[in-house]
Amino acid sequence: MPTDGRDEQLRSLLTDALDPALARPAVLGDMLVSLRGAEAEGVGWAERILSGAPDAGALVGDLLYARGLTPENAGPDLAPHVDSWSAPGRDRQEPLLLEHSAFATPQTITEQYDAIVIGSGAGGGMAAQTLAQSGRRVLVVERGDLPRRSDLLTDHLRTPRSGSGLFPHSGPGPDAEVREVMLGDGPWRDVGAGAGLWSNNAMTIGGGTRMYGAQAWRFGPKDLAMASTYGVPEGSSLADWPLTYDELEPYYTRVEQMLGVSGGPSTDPWEGPRSAPLPMGPLGRSPLGNLLGAAAQRLGWGTQPVPLLINTRERAGRSACIRCAQCVGVDCPVGARAGSHNTTLPAALSTGNATLLPAAQASQIHVGPGGRATAVDLVGEHDGTLWRRTIRTELVVLAAGAIESARLLMDSASDRHPGGLGNDTDQVGRHLQGHAYGGAAALFAEQVVDLRGPGVDISTTDHRHGNDGIIGGGILADEFVPTPASTQRELRQSGLLPANAPVGSPTMERAMLRLGKVVGPIQEVTSADSRVQVNPARRDRLGRSIVRLSGSLHAEDLRGRDLLSARAADWLREAGAIDVRPLAPMALPTPPSGGQHQAGTCRMGVDPGTSVVGPDGRVWGHGNIVVADGSTHVTNGGANPVLTIYANALRISEGIVRAG
């Protein structure tokens with residue numbers, strides 16, 4: 001933490017890095033306060049600024065915009081945009097649909113439930129609602145809690161998308177355990193939860209759906225049959241889903257209608273038939289979206305609005321989007337963005353059959369005769385004291401995310417199942433995949449940013465498949481409205497501004513309003529060596545085994561990523577950008593692919609020798625243990641996977657209800 005002479009040295013360096021008009025005592029004082037807060041989390045920002053590290057300028061920009069855009073930190077070019085690039089005031093915010101008073105505590109939960117759902121994100125929320133509405137008594141266990149909306153809206157350095165390395169308010173927090181990560185053939189290294197290599201997925205009530213961008217893409221027929229479409233490349237474990245698009249389509253439609261998806265009409269040549277249109281039309285285009293739309297026409301590409309789990313009109317008791325600039329990575333101030341915290345979880349609780357327990361982890365599943373689950377061990381910490389409970393149950397639903405769901409199955413090892421539950425053939429944790437992204441950033445001669453959220457409004461799906469010499473592909477879309485901190489960071493990292501550009505200078509401020517970006521995720525060619533394991537020789541403070549992550553993207557993934565980057569650059573140039581910077585190529589081996597789109601570790605299939613769960617989501621050999629999150633994905637599509645998680649969880653949980 002900077003003090004005394006070191007504090008003055010830092011103040012001098014901050015002054016030199018800022019535009020002179022902003023280097024005022026009050027601004028510098030606020031930046032030093034933010035720096036002290038960051039240093040308390042052990043990120044070493046002060047040393048990097050003092051040593052003139054390559055990212056020192058970006059760190060100074062992060063400190064200037066730590067709480068967003070304000071009259072004090074805006075120069076003449078950004079001053080007119082302070083209100084539009086800030087969190088809506090409390091008078092424009094609407095109450096959350098969940099409150100702490102509705103949650104259980106370790107002392108108030110009972111000794112037995114009909115079902116225990118582990119995780120409260122997309123899959124867990126959908127399963128909880130379905131099971132509770134069937135009359136079952138359901139306990140939902142969530143590792144995270146319910147962070148304050150004020151923190152999620154105003155602290156721009158502690159969001160999942162900031163790239164700051166600080167602990168996000170949406171979890172995991174500073175008390176999170178380390179994970180061990182192997183890069184290539186190197187040694188295992190400890191990685192903290194603030195680092196990208198930890199492969200963070202939000203840990204809060206609602207999971208990632210409280211913070212996500214809510215892109216609601218369907219996987220198409222070819223996305224579910226990648227091996228049949230392309231063959232299996234050497235070194236890959238590419239396989240088809242045990243489901244067809246036609247089997248999944250009714251559930252896609254029901255989720256779109258139930259939760260509310262806006263967008264359409266679609267020109268996607270790779271999309272399967274729909275049984276119903278989307279229930280809401282799209283939001284209007286941004287200036288960049290208009291330029292990209294005209295450019296796509298000249299290129300001969302089809303475009304469509306990005307499908308979003310965001311209300312464009314009042315619907316189901318939730319407001320319409322107010323077009324604020326606070327969207328992805330922060331809480332929606334009016335609840336227009338559909339997540340499990342404001343849809344499925346309130347619906348489950350309203351039945352009187354569901355109980356939600358925050359700040360708790362499932363540490364072991366107990367099984368009895370026939371491999372059937374009989375109980376779940378829960379553990380947590382309150383005021384520095386550990387508590388433990390064993391809760392009996394007739395059904396366990398895993399929905400904690402691909403890393404944590406696999407971890408719990410392996411942590412439930414016993415003499416009868418030494419590798420963990422469902423892991424007799426060593427399949428649990430394999431095929432880890434997330435999404436590698438291709439894309440490009442660009443500067444335009446004129447302002448293309450209107451700061452009206454969510455920002456992502458136009459896409460092309462032409463490159464999802466049909467790319468010569470490429471396995472799969474992916475969608476491309478313009479980006480969400482970024483925070484001021486992430487905008488200045490993008491300008492530096494992409495090379496659109498030099499690393500030593502003064503923070504808050506007219507040059508930087510004008511560039512912040514002229515920045516355009518197009519990105520998209522690729523179909524990843526899965527590998528059995530990309531995996532989650534546990535190290536039982538090391539335990540976290542709750543007594544759980546430490547997670548190990550290893551593996552790399554496949555060479556075909558890098559080819560697909562480079563293709564999307566090239567197409568994104570083509571699109572931006574055709575739209576009139578004056579300086580275009582594609583994402584830099586990656587080299588093998590890469591870090592393990594996890595993160596917020598993590599999937600694949602409990603692969604669905606028809607052969608217990610090559611999969612973890614059957615088409616019904618039930619773990620092989622354990623008929624009352626079900627997986628209902630992205631872990632089941634055989635492949636993860638060339639688009640955001642959340643709608644598929646919702647739809648598959650609805651299909652699986654309704655199958656449980658029908659089976660009785």
Carboxylate-amine/guanidinium proximity below 4.0 Å for R36 and D7:
yes

Identify whether the distance between the nearest side-chain nitrogen and carboxylate oxygen of R158 and E41 falls below 4.0 Å.
yes

Counting only heavy atoms not in R24, do more than 12 sit closer than 6.0 Å to its CZ atom?
yes

Nearest-0.5 Å distance, SG of residue C332 to CD1 of residue I322
7.0 Å

Is it true that E574 and R567 have a side-chain N and a carboxylate O under 4.0 angstrom from each other?
no

Can you give me the closest heavy-atom contact between L146 and R210, atom names plus distance?
CD1-NH1, 3.5 Å

Test: R149 and E94 ion pair at under 4.0 Å:
no

Take atom CZ in R581; do more than 12 heavy atoms of anything else shown fall under 6.0 Å from it?
yes

For the OG1 atom of T159 and the CG atom of L153, what is their distance to the nearest 0.5 Å?
11.5 Å

I need the Q326 CD to W85 CH2 distance, nearest 0.5 Å.
10.5 Å

Looking at K517 and D478, is any side-chain nitrogen of the basic one under 4.0 Å from a carboxylate oxygen of the acidic one?
no

To the nearest 0.5 Å, what is the distance between CG (L443) and CZ (R514)?
5.0 Å

Are more than 12 heavy atoms from other residues, nucleotides or ligands located less than 6.0 Å from atom CG of D83?
no

Is R90 atom CZ crowded by more than 12 heavy atoms from other residues, nucleotides or ligands, each under 6.0 Å away?
no

With rounding to the nearest 0.5 Å, note down the distance linking CD1 in I403 to CD in Q598.
4.0 Å

How many angstroms lie between atom CG of L64 and atom CZ of R67, to the nearest 0.5 angstrom?
14.0 Å

List the steps and the verdict of salt bridge (Lys or Arg N to Asp or Glu O under 4.0 Å) for R510 and D77.
CA-CA 6 Å; R510 290 165 194 159; D77 289 283; 3.3 Å; yes

Note: E404-R179 ion pair, threshold 4.0 Å (strictly below)
yes

Taking ring-ring contact (aromatic ring centres under 6.0 Å, His included) as the test, write out the residues that go with H435, two or more places apart.
H597

So, Q433 and T526: side-chain donor and acceptor under 3.5 Å apart, yes or no?
no

Are E479 and R161 close enough, and set up right, to give a salt bridge (Lys or Arg N to Asp or Glu O under 4.0 Å), and what steps lead you there?
CA-CA 12 Å; E479 260 284 30; R161 289 173 62 94; 3.3 Å; yes

Residue list, side chain to side chain donor-acceptor pair (under 3.5 Å) with S486, at least two apart or on another chain:
T483

Sorted by chain and number, sequence neighbours left out, side-chain contact (heavy atoms from CB on, under 4.5 Å) with R48 holds for W45, A53, D55, L59

Taking only Lys NZ, Arg NE, NH1 and NH2, and the carboxylate oxygens of Asp or Glu, determine whether R285 and D457 approach each other closer than 4.0 Å.
no

Lys/Arg-Asp/Glu bridge criterion (N-O < 4.0 Å) met for D462, R464:
no

